[in-house]
Amino acid sequence: MAGATLIAARGWATEQGHLLAPLDATFQGAAVGIWLKNARAAARRAVENERRRAEGLPVESSAGALSSERGEQLEEIDASWCPAWPVTWQRCFHPTRLHLETGGTLPTTAGEIVHRGEDLGRWVRAQRLGWARLTGAQQWMCEQVLGIEPADENEKPKPRTSQADKWALHRAAARQFYQREGHLKVARRARGDDHRVSQRRERRRGPGT
């Protein structure tokens with residue numbers, strides 16, 4: 001059964017150009033996506049066992065770990081079949097690389113290029129804005145292979161002001177106004193910090209008061 005699914009996985013990869021199948025992927029009735037998910041889990045278990053052996057730590061069991069033979073078979077189909085990061089990331093990296101290799105330009109805006117349901121422009125933008133969250137290997141792949149650079153500070157969206165921060169601004173404005181005027185009776189047409197005080201008083205008074 002496993003041999004038949006391996007053949008199906010090879011067929012799926014031949015059609016798609018990679019072995020980064022989503023969970024619901026099938027090929028000629030074989031559940032390739034689920035099989036590959038389990039194979040990746042088994043591969044990571046094998047890596048963890050090897051790490052423990054190298055550190056002289058006990059390995060409780062090798063059951064469920066991917067055999068080296070099966071790992072080599074999968075790597076022959078696609079060397080990046082089991083990345084250290086989410087498969088969804090690699091699934092966007094792969095078509096972006098192919099797009100560039102065929103003479104295309106790097107997509108940078110959402111909707112610019114959509115490949116089999118994956119918005120490559122949106123993905124590229126997410127990598128630039130989330131550069132600090134990428135691993136060193138991912139950063140190298142983005143920069144050296146795709147030519148993606150981290151976003152400048154002025155490109156990053158400003159963080160949303162929390163409700164607590166807004167109230168802190170209102171309190172500070174009210175304190176400054178009181179220290180200057182000796183009261184909190186702010187005209188409705190006030191501007192700037194005085195307007196913040198007016199807004200705060202209106203909220204506290206509520207409608208009809």
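Positions are given from 1, in the same order as the sequence printed here. These values consider heavy atoms only, across backbone and side chains, with no hydrogens, waters or symmetry-generated copies.
Shown here are the side-chain hydrogen bond (donor to acceptor under 3.5 Å, both in side chains) partners of R40, two or more places apart in sequence or in another chain: there are none. Under the side-chain contact (heavy atoms from CB on, under 4.5 Å) criterion, A46 pairs with A65, sequence neighbours left out. Every side-chain hydrogen bond (donor to acceptor under 3.5 Å, both in side chains) that E48 has, sequence neighbours left out, goes to R51. Residues passing the side-chain hydrogen bond (donor to acceptor under 3.5 Å, both in side chains) test with R70 are Q73, sequence neighbours excluded. For R53, the side-chain hydrogen bond (donor to acceptor under 3.5 Å, both in side chains) partners are E50, S62, not counting sequence neighbours. Take H94 and apply the ring pair (Phe, Tyr, Trp, His ring centres under 6.0 Å) test, not counting sequence neighbours, and it matches H18. Annotation: salt bridge (charged side-chain N to carboxylate O under 4.0 Å, His left out) contacts of R97 (sequence neighbours excluded): E101. A search for side-chain contact (heavy atoms from CB on, under 4.5 Å) contacts involving A110 returns D119, R122, not counting sequence neighbours.
Distance check: L66 CG to L74 CG gives 6.5 Å after rounding to the nearest 0.5 Å.
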Donor-acceptor pairs under 3.5 Å, side chain of residues 75-88 to any protein atom, not counting sequence neighbours: which ones?
residue : atom : partner : partner atom : Å
D78     : OD1  : S80     : N            : 3.0
D78     : OD1  : S80     : OG           : 2.9
D78     : OD2  : L19     : N            : 2.8
W85     : NE1  : Q90     : OE1          : 2.7

Acceptor/donor pairs from residues 132-147 side chains to any protein atom, 3.5 angstrom cut, sequence neighbours excluded:
residue : atom : partner : partner atom : Å
T135    : OG1  : Q138    : N            : 3.1
T135    : OG1  : Q138    : OE1          : 3.3
Q138    : OE1  : T135    : N            : 2.9
Q139    : NE2  : W131    : O            : 2.9

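Between the side chains of W89 and Q127, at least one donor-acceptor pair of N or O atoms lies under 3.5 Å.
Legend: salt bridge (Lys or Arg N to Asp or Glu O under 4.0 Å) pairs involving residues 9-26, not counting sequence neighbours: none detected. Counting only residues at least two apart or in different chains, side chain to side chain donor-acceptor pair (under 3.5 Å) contacts with residues 103-116 comprise Q16-R116, T109-E112.
Between R128 and P150, the closest side-chain pair of non-hydrogen atoms is not below 4.5 Å.
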